[in-house]
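The structure appears right after this line, and notes come after that.
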Amino acid sequence: MASKSTVTTLTIFIFFFIEPRLSQQISTVDSECTGRWIHIRTLPSRFNLDLLSTCNHYPLTDDLCPYLSNHGLGPKTHTRTRSWYRTDPLLLELIFHRRILEYPCLTPDPNLASAVYLPYYAGIDSLRYLYGSDVNSSADHGSDLLSFLTRDSPEIWSRRSGHDHFLVMARPAWDFSQPLTVDPPIWGTSFLERPEFFNLTALTLESRFWPWQEQAVPYPTSFHPHSLPFLESWIRRVRRSRRTSLMLFAGGGGTSSTPNIRRSIRLECTNVTETEPETSSEKIKTCDFVDCSNGICEHDPIRFMRPMLQSSFCLQPPGDTPTRKATFDGIIAGCIPVFFEDQTAKMQYGWHLPEEDFSEFSVTIAKEDVVFRGVRIADVLMSIPREEVARMRERVIEMMPRVMYRRHGASMGLMNKKDAVDIAIDGVLRKISSRV
Ligand SMILES: *[C@@H]1O[C@H](CO)[C@@H](O)[C@H](O)[C@H]1NC(C)=O
Ligand SMILES: *[C@@H]1O[C@H](CO)[C@@H](O)[C@H](O)[C@H]1NC(C)=O
Ligand SMILES: *[C@@H]1O[C@H](CO)[C@@H](O)[C@H](O)[C@H]1NC(C)=O
């Protein structure tokens with residue numbers, strides 16, 4: 001049963017789907033576009049729009065409908081805010097689609113294009129295979145898309161053996177990497193395991209240990225400014241913010257008795273906050289702990305953004321999977337990330353977070369040292385000189401525009417700063433040109 005808000009959302013989306021053809025005609029004809037033209041493949045609505053119309057039918061997720069508003073940014077956190085939204089990371093597929101419509105080098109002619117974007121909401125479509133009625137046929141994920149690509153103007157797909165095609169899959173790549181031969185499936189669909197898709201590029205939220213087709217891009221946070229003054233005033237607030245805790249952990253888990261990094265963090269945090277209150281003359285709390293168990297923080301950025309603004313370091317332990325959205329929430333808050341394994345960010349976001357500079361804006365403490373060798377995280381962080389901490393925070397702030405997703409329709413001033421979408425598109429074009 002479609003609610004009224006669903007219907008409104010869909011009307012907005014219908015406009016949005018007519019727009020690509022218009023904008024493809026009015027693209028800049030400009031030398032800046034040489035080697036950068038992108039063609040948006042027109043797909044039947046079952047690959048995108050129809051998947052949104054069932055937004056309140058998806059198994060094991062909340063009703064997705066409210067989060068479709070503002071072209072996938074979600075509802076605003078307060079009526080008066082201009083930059084803050086309750087964003088669901090899965091909807092990066094929509095956010096990216098909306099944003100690529102503003103890309104200045106779109107072409108209606110696939111023959112002119114260096115890259116072909118497939119506006120298929122693969123992650124949303126995967127929900128029925130991951131959690132729903134198609135769980136026993138998860139090897140089929142992608143067959144419908146493939147048969148479309150090989151039947152409808154097949155020369156577009158075959159021209160460069162799929163090397164020039166890309167799409168967004170807003171989940172960990174692991175969710176799409178079930179080997180085709182495993183029956184019954186253990187976890188995930190087989191989209192990325194289909195040999196026919198070996199040459200395409202998928203932008204995922206997390207890549208596998210040995211990535212093949214995919215490149216990880218930042219999780220969308222709740223911050224989506226639309227003009228430079230809004231970004232700049234936020235950065236001023238981040239710089240001014242009094243950091244009254246040394247470190248913060250916002251997350252869940254770690255309550256079981258088996259040794260793991262989340263448990264160690266929980267123990268260290270609850271221990272210091274209880275046993276060493278205000279011993280330091282400056283009243284710096286050693287650890288702040290925001291309990292996000294049961295998904296309570298998911299669409300509620302206020303719960304963790306304020307504490308992140310008040311903490312110097314944000315602990316980013318792996319959980320069910322190595323990566324976390326909180327890595328990016330923390331960067332937006334100017335909170336220096338502390339990683340416990342390279343899979344959390346260093347080996348993931350090479351396009352957005354330059355690997356060679358990693359130690360300039362983050363701290364890495366091996367999780368084994370904390371869990372098994374008694375290293376206290378607070379001791380490591382307290383040993384970093386104050387000036388060094390200030391320098392690292394400046395580097396984090398420099399990273400902020402690169403990992404944020406600015407709002408569609410942003411002002412020129414802000415468009416001149418490359419955001420996560422701009423950097424992803426540059427990366428896709430580089431990757432494709434290196435292949436063919
Ligand atoms: C999937 O297969 C298992 C094992 O054969 C079965 O128990 C389960 O009911 C099936 N699920 C669905 C949704 O068909
Ligand atoms: C992938 O590309 C290679 C050449 O780079 C080609 O030989 C192969 O057939 C392509 N795979 C598919 C499924 O098109
Ligand atoms: C808790 O704090 C006490 C005193 O500072 C310390 O001896 C103990 O090792 C700490 N326990 C944990 C789990 O960090």
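In each ligand, atom 1 is the first atom listed, and ligand 1 is the first ligand listed. Predicted, not measured: the structure shown is a model, and the values here were computed from it. Hydrogens, waters and symmetry mates are skipped; everything else that's a heavy atom, side chains included, is used.
Closest to atom 2 (O) of ligand 2 among all protein heavy atoms lies Asn199 ND2, 2.4 Å.
Residue Val135 approaches ligand 1 through these ligand atoms, each under 4.0 Å from one of its heavy atoms: 11 (N), 13 (C). Close approach to Glu196 involves these atoms of ligand 2, each under 4.0 Å from a residue heavy atom: 13 (C).
Residue-to-ligand polar distances place Asn136 within reach of ligand 1: an N/O pair is separated by less than 3.5 Å.
By the 30° and 60° cut-offs, the orientation of the rings of Tyr117 relative to Phe96 is tilted. Classified by interplanar angle (parallel below 30°, tilted 30° to 60°, perpendicular above 60°), the ring pair Trp157/His165 is perpendicular. Ring planes of Phe176 and His141: tilted class, angle from 30 to 60°. Ring orientation note: the planes of Phe223 and Trp84 are tilted relative to one another, at an angle of 30° to 60°.
Proximity of Pro195 to ligand 2 is established by a heavy-atom distance of less than 4.0 Å.
With respect to Thr204, the side-chain contact (heavy atoms from CB on, under 4.5 Å) criterion is satisfied by exactly one of Gln348, Gln213, Met169, Arg171: Met169.
At least one protein heavy atom sits closer than 4.0 Å to atom 11 (N) of ligand 1. Distance screen at 4.0 Å: atom 7 (O) of ligand 1 has no protein heavy-atom neighbour inside the cut-off. There is a protein heavy atom closer than 4.0 angstrom to atom 14 (O) of ligand 2.
Once rounded to the nearest 0.5 Å, the distance linking CE of Met399 with CD of Glu394 reads 11.5 Å. The distance from the CG atom of Leu112 to the SG atom of Cys33 is 11.0 Å, given to the nearest 0.5 Å.
Looking at His163 against ligand 2, only its side chain comes within 4.0 Å, counting heavy atoms.
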